[in-house]
Amino acid sequence: ATYFPDRVASLTLIASVGLPMSSSAHVLLKIPLVSDILLRCALWSTVLAGLEQEWADDSNPHLRDMIESYRDRVLHEPALARSLLSTARHFPLESQHATFAKVGKAPYPVLLVWGDNDRTCPIRNARRIKHEFVKRAKLVVVKGARHCVYTEFCPQVALALNTFLKHQ
């Protein structure tokens, strides 16, 4: 969207990374050897535990389905762990200021969807994107949602997307 804005009709960011996150734990994954040890010993239990922290209702049966799906993927897709580790090592998770500024200058409409209790990418980041970088953005805040807003609160997110797209 930032490289080819003329080819984008609209952009939706859902609980997006790019500004300071609530935890700096991901920084450990940038350290060689430490990240490899974590990957072998604890990454998946940490990822799975993190999923539980990012759902508002940890008794939701869909959370259990998601966790089981991840466990299954870990067994059958060894590249998944390497991919997550590579993202943590190389993607600028907290320094997308320039990217958001480019989006702010682009002509396409922007929707931000965020949970008001997001523990990974706090709601203050969405408000900062809207007020500092992309003033024309429409912000939809899902009450009670955490970082997995797109999975746990599907009806609210789908309604926000449908409403946004109908008016484009």
Side-chain angles (χ1 to χ4, degrees), residues 1-32 34-36 38-39 43-44 46-56 66 70 73 79-154 156-158 160-165 167-168:
T2 59
Y3 293 120
F4 303 102
D6 56 313
R7 301 179 111 190
V8 176
S10 65
L11 175 67
T12 298
L13 300 175
I14 302 176
S16 180
V17 298
L19 295 177
M21 296 164 58
S22 296
S23 166
S24 296
H26 64 280
V27 173
L28 292 175
L29 297 176
K30 294 185 184 296
I31 303 170
V34 170
S35 56
D36 296 300
L38 284 173
L39 176 65
L43 180 62
W44 287 110
T46 303
V47 167
L48 296 174
L51 284 174
E52 292 178 344
Q53 292 298 313
E54 290 304 344
W55 281 62
M66 189 173 183
Y70 263 87
R73 289 181 68 195
L80 178 62
R82 291 191 306 273
S83 173
L84 287 173
L85 181 57
S86 179
T87 299
R89 279 183 175 157
H90 304 292
F91 187 81
L93 295 169
E94 296 183 305
S95 56
Q96 291 296 308
H97 304 79
T99 301
F100 292 132
K102 285 181 185 177
V103 169
K105 294 176 184 169
Y108 47 78
V110 177
L111 172 65
L112 307 172
V113 180
W114 237 270
D116 65 343
N117 290 323
D118 191 323
R119 295 179 177 181
T120 301
C121 300
I123 187 67
R124 71 176 173 268
N125 289 358
R127 292 187 175 114
R128 185 171 174 203
I129 292 168
K130 176 165 178 42
H131 297 293
E132 190 175 323
F133 299 105
V134 191
K135 295 182 190 297
R136 72 182 180 291
K138 177 177 177 13
L139 173 60
V140 174
V141 178
V142 180
K143 301 279 186 220
R146 293 185 183 164
H147 192 61
C148 289
V149 60
Y150 49 87
T151 305
E152 190 175 11
F153 291 83
C154 288
Q156 293 92 323
V157 173
L161 285 167
N162 284 330
T163 302
F164 177 69
L165 293 172
H167 294 97
Q168 301 317 310

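Residue numbers run from 1 in the order of the sequence given. These numbers come from a predicted model, not from an experiment.
- I123 CD1 to R128 CZ: the interatomic distance, rounded to the nearest 0.5 Å, is 14.5 Å.
- The CZ atom of R124 sits 11.5 Å away from atom CH2 of W114, with the distance rounded to the nearest 0.5 Å.
- Note on ring orientation: taking the six-membered ring where Trp is involved, the planes of F100 and F133 are tilted (angle from 30° to 60°).
- By the side chain to side chain contact (heavy atoms under 4.5 Å, CB included) test, Q156 pairs with V142, F153, sequence neighbours left out.
- Pairs passing the side chain to side chain donor-acceptor pair (under 3.5 Å) check and including a residue from residues 133-153, sequence neighbours excluded, read D118-H147.
- The two residues V17 and L93 come nearest to each other via the heavy atoms CB-O, 3.7 Å.
- Atom CD in E94 sits 9.0 Å away from atom SG in C121 (nearest 0.5 Å).
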Distance-only donor-acceptor pairs under 3.5 Å for side chains of residues 1-14, two or more places apart:
none

Could you go through the side-chain contact (heavy atoms from CB on, under 4.5 Å) check for L19 and Q96 one step at a time?
-> CA-CA 6 Å; L19 295 177; Q96 291 296 308; 6.0 Å; no

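- The shortest heavy-atom contact between A160 and L111 is O-CD2, 3.8 Å.
- Rounding to the nearest 0.5 angstrom, the gap separating the CD1 atom in I129 from the CG atom in L139 is 9.0 Å.
- Remark: the backbone N or O of A145 is not paired with any side-chain donor or acceptor of N117 at under 3.5 angstrom.
- The heavy-atom pair separating Y108 from V103 by the smallest distance is OH-CG2, 3.7 Å.
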